[in-house]
Peer 1: 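What follows is a single structure, and I will ask about it in a moment.
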Amino acid sequence: MKLMHWISTGGLAALAAATAYAQQAQPRPQMRPQARPTPRMTIPVNALLPATSALFDSYVAQNKMPGIVGAFGAGDGPTLFPSAGKISDDPNAPAAGPDSLWRVYSMSKPITGMSAMMLVEDGKLNLDDPVSKYIPAFKDMKVATSPDTSLATRPATRPITIRNLLTHTAGLGYTIVTKGPLLKEYERLGILPLSVSAAMETKMRPVRPKSLEEFANRVATLPLIADPGTKWSYSIGLDVMGRVIEVASGMSFERFVQTRLFDPLKMKSSFWQVPQSEVGRLATNYAFVGDTRTPLDPAATSVFLQKPSFPYGGAGLVMSARDYDRFLHMIQDGGMLDGVRVMKPETIALATSNLLPAGVVFGGVGGGTGGTQGSNMGFGAGGSVVLADTPNGPGKGTYAWGGAAGTIAWVDPSKHSRGNVMVNYFPADRIPLRQQVVAALLQDAARLRR
C-alpha cells in the first residue's frame with residue numbers, strides 16, 4: 001500500500017480532525033489579575049489517536065520492528081507524535097520519539113528540490129536553463145540506443161534542463177533501476193551517491209568521486225537512457241542538482257542547505273554526518289532476510305557517523321520526525337514558519353505544481369524505493385504532486401515522497417495538513433505499514449466525529 005492511497009483514503013482528514021480535537025482539548029491558559037495561570041490540560045497522544053497508537057504498539061509487540069514514530073499536523077496546532085518501541089533491538093536502547101534520528105534516504109530529495117526552488121526565486125536559476133550553463137560538461141550529451149544491452153550511443157536531441165533534474169526527466173540513470181552494461185559503467189565510475197553500511201562503504205568509497213564537482217563531471221560522461229524531457233525515470237538528478245546549487249549560489253551545497261533552510265527553520269536534528277555526540281539518538285537500520293530482521297547498519301558503527309564523500313542530495317540525510325515536520329510545516333504555510341519566511345508563497349505553489357515537461361507522465365515507482373504509486377499524479381520539485389482535488393482525499397498540490405528504509409512524508413498545502421512516519425528497515429515495502437496506518441487513521445477520524 002503506497003502513501004498516495006493513504007492520503008486519498010482519508011488519512012489527512014483523520015489528521016485534521018485529531019489536531020482540531022487537540023486544540024480544543026488544550027486551551028491556552030488564561031491570565032487573571034494576581035492569579036496563577038490556569039494549568040494546561042495535557043491529553044496523551046494515545047487518547048487522541050487510539051487506533052493509530054495501538055497499531056504502532058502492535059508492530060513492536062509482534063516484533064515486526066524495534067520502533068516507529070509518526071508526526072501528524074494540521075494548521076498551526078500542535079503536532080501529534082505517536083510512537084512505540086525503541087530505536088534498536090539493543091536491550092538498553094532509548095525509546096523511539098520525535099527527536100530520534102532516522103535515515104530518510106530519498107526523502108532528502110524534497111529538501112534538495114526546495115533548495116533549488118529558492119535559487120529560482122532568487123533569480124539565480126531558471127527551470128528551463130540548460131544544466132550546461134552551470135556544469136559545462138553537460139553540453140553535448142549522448143543517448144544510449146539500447147541502454148539495457150549496449151553502450152552504443154547517438155547525440156541527444158535536446159539539452160538537460162534544471163526542470164529535468166528536479167523531475168527525473170533528464171534521462172539519467174540510477175543504480176537501483178539501471179541495468180546491463182550501463183549499470184556497470186555507473187559502478188565503475190563510482191556514481192553511487194548512497195550510504196548503506198560501514199562494510200559496504202569500504203568497497204564503495206575508493207571508486208566514488210571525492211566532490212560534487214567531480215561527481216557531476218563523471219555523470220556527464222555517461223550515456224543517457226532517453227532524450228531529456230521525454231520520459232520519467234527515477235534517477236540521480238537531485239544529486240546532480242546539488243552541484244548546480246553550489247555553482248549558482250557560490251557556496252557549498254551543504255552550507256546552502258544549512259544557512260537557507262535548516263538554520264532559519266530551527267531544524268537542529270538534520271545531518272549529512274551524525275555527530276558522535278548524537279549517536280545515542282540514532283536508530284539502527286535493519287534488513288529483512290526472509291522473516292528474520294538483521295542489523296544492517298548498527299547505530300554505534302553507522303556509516304552515517306563518517307563524513308560522506310560529498311553530500312548526497314538524493315539520499316544523504318539523517319533527520320528526526322520533528323525536523324521533517326518543521327520542513328513540511330513550512331511548505332504547508334506557504335514558505336514561512338514561526339514568523340520566519342524562507343520562500344515566497346508563489347514559489348511553494350510552483351514547487352508543488354506539476355513541473356513535468358509536456359507529454360511526460362508519472363505513474364509511480366516500486367514500493368521498495370520508498371516513492372509513491374497511483375493515478376492523478378504529476379511531479380514537482382523532488383516529489384510527486386496531486387493534480388486535482390479528490391472527494392475526501394488529497395487536495396491539489398499535495399506533495400509527497402518516501403525513503404528506501406521505509407520513511408514516508410506528505411504535505412497538503414490546500415488543506416493545511418502534513419505528516420511523516422519514521423522507521424528504518426530494508427526493503428521499504430516489507431511491512432504493509434502504509435495500508436494499516438490508513439485504516440487506523442480512519443478509525444480515529446470516525447471516533448472523533450462521534
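Just the heavy atoms: all of them, side chains too, but no hydrogens, waters or symmetry mates, feed the values below.
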Peer 1: When you measure from the side chain of Asn126 to the backbone N and O of Val120, does any donor-acceptor pair fall under 3.5 Å?
Peer 2: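 Pair absent, no side-chain N/O of Asn126 close to backbone of Val120.
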
Peer 1: Going by distance alone, is a donor N or O of one side chain under 3.5 Å from an acceptor N or O of the other, for Thr169 and Thr167?
Peer 2: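 Looking only at side-chain atoms, Thr167 and Thr169 do form a donor-acceptor pair, the distance falling under 3.5 Å.
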
Peer 1: Could you tell me whether the side chain of Val411 reaches within less than 4.5 Å of the side chain of Thr352, counting heavy atoms only?
Peer 2: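 SC-SC contact between Thr352 and Val411 ruled out.
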
Peer 1: Taking 4.0 angstrom as the limit, do Asp291 and Arg430 come out as a salt bridge?
Peer 2: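 Arg430 and Asp291: salt-bridged.
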
Peer 1: Would you name the heavy atoms of Gln273 and Pro308 that are closest together and state the gap between them?
Peer 2: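 Result for this residue pair: CB-CD, 4.2 Å.
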
Peer 1: Determine whether Ile68 and Val421 make a side-chain contact, defined as any pair of heavy atoms from C-beta on separated by less than 4.5 Å.
Peer 2: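 Result yes, sub-4.5 Å side-chain heavy-atom pair found.
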
Peer 1: Would you check if Asn420 and Phe72 make a side-chain contact, meaning some heavy-atom pair closer than 4.5 Å?
Peer 2: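 Counting from C-beta outward, Asn420 and Phe72 never come under 4.5 Å.
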
Peer 1: Run the side chain to side chain contact (heavy atoms under 4.5 Å, CB included) test on Leu337 and Phe327 for me, step by step, so that the C-alpha distance in whole Å, both residues' side-chain angles and the decisive distance to 0.1 Å come before the verdict.
Peer 2: CA-CA 9 Å; Leu337 182 64; Phe327 171 65; over 6 Å; no

Peer 1: Sequence neighbours excluded and cut-off under 3.5 Å, please list the side-chain donor-acceptor pairs for residues 218-226, or say none.
Peer 2:
residue : atom : partner : partner atom : Å
Arg218  : NE   : Glu214  : OE2          : 3.4
Arg218  : NH1  : Leu189  : O            : 2.6
Arg218  : NH1  : Val207  : O            : 2.9
Arg218  : NH2  : Glu214  : OE2          : 2.6
Thr221  : OG1  : Arg218  : O            : 2.6

Peer 1: Can you find a pair of side-chain heavy atoms, one from Thr175 and one from Leu192, that are under 4.5 Å apart?
Peer 2: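 Yes. Closest side-chain heavy atoms under 4.5 Å.
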
Peer 1: Would you name the heavy atoms of Lys109 and Gly314 that are closest together and state the gap between them?
Peer 2: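 Heavy atoms only, the tightest pair is NZ-O, 2.8 Å.
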
Peer 1: Go through the structure and list residues passing side chain to side chain contact (heavy atoms under 4.5 Å, CB included) with Thr145, not counting sequence neighbours.
Peer 2: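 For Thr145 the side chain to side chain contact (heavy atoms under 4.5 Å, CB included) partners, ignoring immediate neighbours, are Ala152, Arg154.
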
Peer 1: Does any non-hydrogen side-chain atom of Met343 lie less than 4.5 Å from one of Met330?
Peer 2: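 When only atoms from C-beta onward are counted, Met343 and Met330 do touch, with a gap below 4.5 Å.
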
Peer 1: If you take all heavy atoms of Phe81 and Ala71, which pair is closest and at what distance?
Peer 2: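 Scanning both residues, the minimum pair turns out to be CE2-CB, 3.5 Å.
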
Peer 1: Show the numbers, then the answer: is there a salt bridge (charged side-chain N to carboxylate O under 4.0 Å, His left out) between Asp99 and Arg322?
Peer 2: CA-CA 6 Å; Asp99 299 306; Arg322 190 188 307 276; 2.7 Å; yes

Peer 1: Is a salt bridge present between Asp338 and Arg326, judged by a nitrogen-to-oxygen distance below 4.0 Å?
Peer 2: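 Here Asp338 pairs with Arg326 in a salt bridge, since their nearest N and O are under 4.0 Å apart.
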
Peer 1: Apply side chain to side chain contact (heavy atoms under 4.5 Å, CB included) to Pro50 and list each qualifying residue two or more places apart in sequence or on a separate chain.
Peer 2: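 Partners of Pro50 by the side chain to side chain contact (heavy atoms under 4.5 Å, CB included) criterion, ordered by chain and then number, come out as Asp444, Arg447.
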
Peer 1: Between Lys266 and Asp323, does any side-chain N to carboxylate O distance fall below 4.0 Å?
Peer 2: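 Asp323 and Lys266: not salt-bridged.
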
Peer 1: Compare every heavy atom of Ala84 with every heavy atom of Ala96, then report the nearest pair and how far apart it is.
Peer 2: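 Between these two residues, the closest heavy atoms are CB-O, 3.8 Å.
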
Peer 1: Could you list the residues that satisfy salt bridge (charged side-chain N to carboxylate O under 4.0 Å, His left out) with Asp140, not counting sequence neighbours?
Peer 2: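 Asp140 satisfies salt bridge (charged side-chain N to carboxylate O under 4.0 Å, His left out) with no residue once adjacent residues are dropped.
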
Peer 1: Which residues pass the ring pair (Phe, Tyr, Trp, His ring centres under 6.0 Å) test with Phe426, not counting sequence neighbours?
Peer 2: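 Phe426 satisfies ring pair (Phe, Tyr, Trp, His ring centres under 6.0 Å) with Tyr105 only.
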
Peer 1: Report the C-alpha distance between Met107 and Tyr324 in whole Å, list the side-chain angles of each, state the deciding distance to 0.1 Å, and finish with yes or no for side chain to side chain contact (heavy atoms under 4.5 Å, CB included).
Peer 2: CA-CA 9 Å; Met107 272 166 47; Tyr324 215 92; 3.7 Å; yes

Peer 1: Can you tell me how far the NZ atom of Lys142 sits from the CG atom of Leu151, to the nearest 0.5 Å?
Peer 2: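 Rounded to the nearest 0.5 Å, the NZ-CG separation comes to 14.0 Å.
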
Peer 1: So, taking the atom named CG in Leu183 and the one named CD1 in Ile176, what distance separates them when rounded to the nearest 0.5 Å?
Peer 2: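 Rounded to the nearest 0.5 Å, the CG-CD1 separation comes to 11.5 Å.
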
Peer 1: Say you draw a straight line from CZ of Arg103 to OG of Ser108; how long is it, rounded to the nearest 0.5 Å?
Peer 2: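 Between Arg103 CZ and Ser108 OG, I get 12.5 Å after rounding to 0.5 Å.
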
Peer 1: Minimum heavy-atom separation for Leu194 to Ala315, with atom names?
Peer 2: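 Taking every non-hydrogen atom into account, CD1-CB, 4.1 Å.
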
Peer 1: Please collect all side-chain hydrogen bond (donor to acceptor under 3.5 Å, both in side chains) contacts where either partner lies in residues 110-121, sequence neighbours excluded, each pair once.
Peer 2: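 side-chain hydrogen bond (donor to acceptor under 3.5 Å, both in side chains) check on residues 110-121 returns Glu121-Thr347.
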
Peer 1: With side chain to side chain contact (heavy atoms under 4.5 Å, CB included) as the test, would you mind laying out the steps for Met141 and Ile160 before giving the verdict?
Peer 2: CA-CA 8 Å; Met141 298 300 293; Ile160 298 174; 4.2 Å; yes

Peer 1: Nearest 0.5 Å, please: how far is CG in Leu101 from CZ in Phe271?
Peer 2: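 Here the rounded value is 6.0 Å.
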
Peer 1: To the nearest 0.5 Å, how far apart are CG in Leu265 and OG in Ser270?
Peer 2: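 Reported to 0.5 Å precision, the distance equals 9.5 Å.
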
Peer 1: Quick one: side-chain hydrogen bond (donor to acceptor under 3.5 Å, both in side chains) pairs with a partner in residues 239-251, sequence neighbours left out?
Peer 2: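 Applying side-chain hydrogen bond (donor to acceptor under 3.5 Å, both in side chains) to every pair that reaches into residues 239-251, excluding sequence neighbours, yields Arg243-Glu246.
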
Peer 1: With side chain to side chain contact (heavy atoms under 4.5 Å, CB included) as the test, would you mind laying out the steps for Ile87 and Thr284 before giving the verdict?
Peer 2: CA-CA 6 Å; Ile87 61 175; Thr284 287; over 6 Å; no

Peer 1: Evaluate the side-chain proximity of Ile245 to Met251: yes if any heavy-atom separation is below 4.5 Å, no if none is.
Peer 2: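 No - every pair of side-chain heavy atoms lies 4.5 Å or more apart.
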
Peer 1: Considering residues at least two apart in sequence or located in another chain, which fulfil the side chain to side chain contact (heavy atoms under 4.5 Å, CB included) criterion with Asp148?
Peer 2: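 Per chain and number, Asp148 pairs via side chain to side chain contact (heavy atoms under 4.5 Å, CB included) with Lys179.
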
Peer 1: Identify the heavy atoms of Pro209 and Gly190 that sit nearest to each other, and give their distance.
Peer 2: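 Taking Pro209 first and Gly190 second, the nearest heavy atoms are CD-O, 3.1 Å.
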
Peer 1: Is the side chain of Tyr399 donor-acceptor paired with the backbone N or O of Ala381 at a distance under 3.5 Å, no angle test?
Peer 2: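 Answer holds: yes.
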
Peer 1: Does a salt bridge link Arg158 with Asp227, judged by any charged N lying under 4.0 Å from a carboxylate O?
Peer 2: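 No.
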
Peer 1: Are the side chain of Ser417 and the backbone N or O of Lys415 linked by a donor-acceptor pair below 3.5 Å?
Peer 2: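 Yes, because the side chain of Ser417 sits within donor-acceptor range (under 3.5 Å) of the backbone of Lys415.
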
Peer 1: Within a strict 4.5 Å, meaning less than it, do heavy atoms of the Ile431 and Met65 side chains meet?
Peer 2: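 SC-SC contact between Ile431 and Met65 confirmed.
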
Peer 1: When you compare the side chains of Asp333 and His416, does any donor N or O come within less than 3.5 Å of an acceptor on the partner?
Peer 2: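 There is no such pair between these side chains.
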
Peer 1: How far does OG1 of Thr79 sit from CG of Asp325, to the nearest 0.5 angstrom?
Peer 2: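 Answer rounded to 0.5 Å: 3.5 Å.
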
Peer 1: For Tyr312, check side chain to side chain donor-acceptor pair (under 3.5 Å) against everything at least two apart and list the hits.
Peer 2: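 Per chain and number, Tyr312 pairs via side chain to side chain donor-acceptor pair (under 3.5 Å) with Arg208.
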
Peer 1: I want to check something: taking the side chain as every heavy atom from C-beta on, are Val386 and Lys396 in contact at a cut-off of under 4.5 Å?
Peer 2: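 Val386 does not reach Lys396 side chain to side chain.
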
Peer 1: Are any side-chain N or O atoms of Tyr425 and backbone N or O atoms of Ala405, one a donor and one an acceptor, separated by less than 3.5 Å?
Peer 2: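 No, because the side chain of Tyr425 does not come within donor-acceptor range (under 3.5 Å) of the backbone of Ala405.
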
Peer 1: Return a table of donor-acceptor pairs under 3.5 angstrom between the side chains of residues 132-139 and protein atoms on other chains or two or more places apart.
Peer 2:
residue : atom : partner : partner atom : Å
Tyr134  : OH   : Lys124  : O            : 3.3
Tyr134  : OH   : Asp129  : OD2          : 2.5

Peer 1: For the residue pair Phe253 and Trp272, is the inter-centroid distance of their aromatic rings smaller than 6.0 Å?
Peer 2: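 Yes, the ring of Phe253 comes within the 6.0 Å limit of the ring of Trp272, centre to centre.
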
Peer 1: For Arg260, what residues pass the side chain to side chain contact (heavy atoms under 4.5 Å, CB included) criterion, not counting sequence neighbours?
Peer 2: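 Scan of Arg260 (side chain to side chain contact (heavy atoms under 4.5 Å, CB included), adjacent residues dropped) gives Met118, Asp122, Phe256.
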
Peer 1: State whether the side chain of Asp412 and the backbone N or O of Thr398 hold a donor-acceptor pair below 3.5 Å, judged by distance alone.
Peer 2: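 No, because the side chain of Asp412 does not come within donor-acceptor range (under 3.5 Å) of the backbone of Thr398.
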
Peer 1: Only pairs at least two apart or in different chains count here, so list each ring-ring contact (aromatic ring centres under 6.0 Å, His included) that has a residue in residues 150-182.
Peer 2: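 Every ring-ring contact (aromatic ring centres under 6.0 Å, His included) pair that includes a residue of residues 150-182, provided the two are not neighbours, is His168-Trp232, His168-Tyr234, His168-Phe379, Tyr174-Tyr234.
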
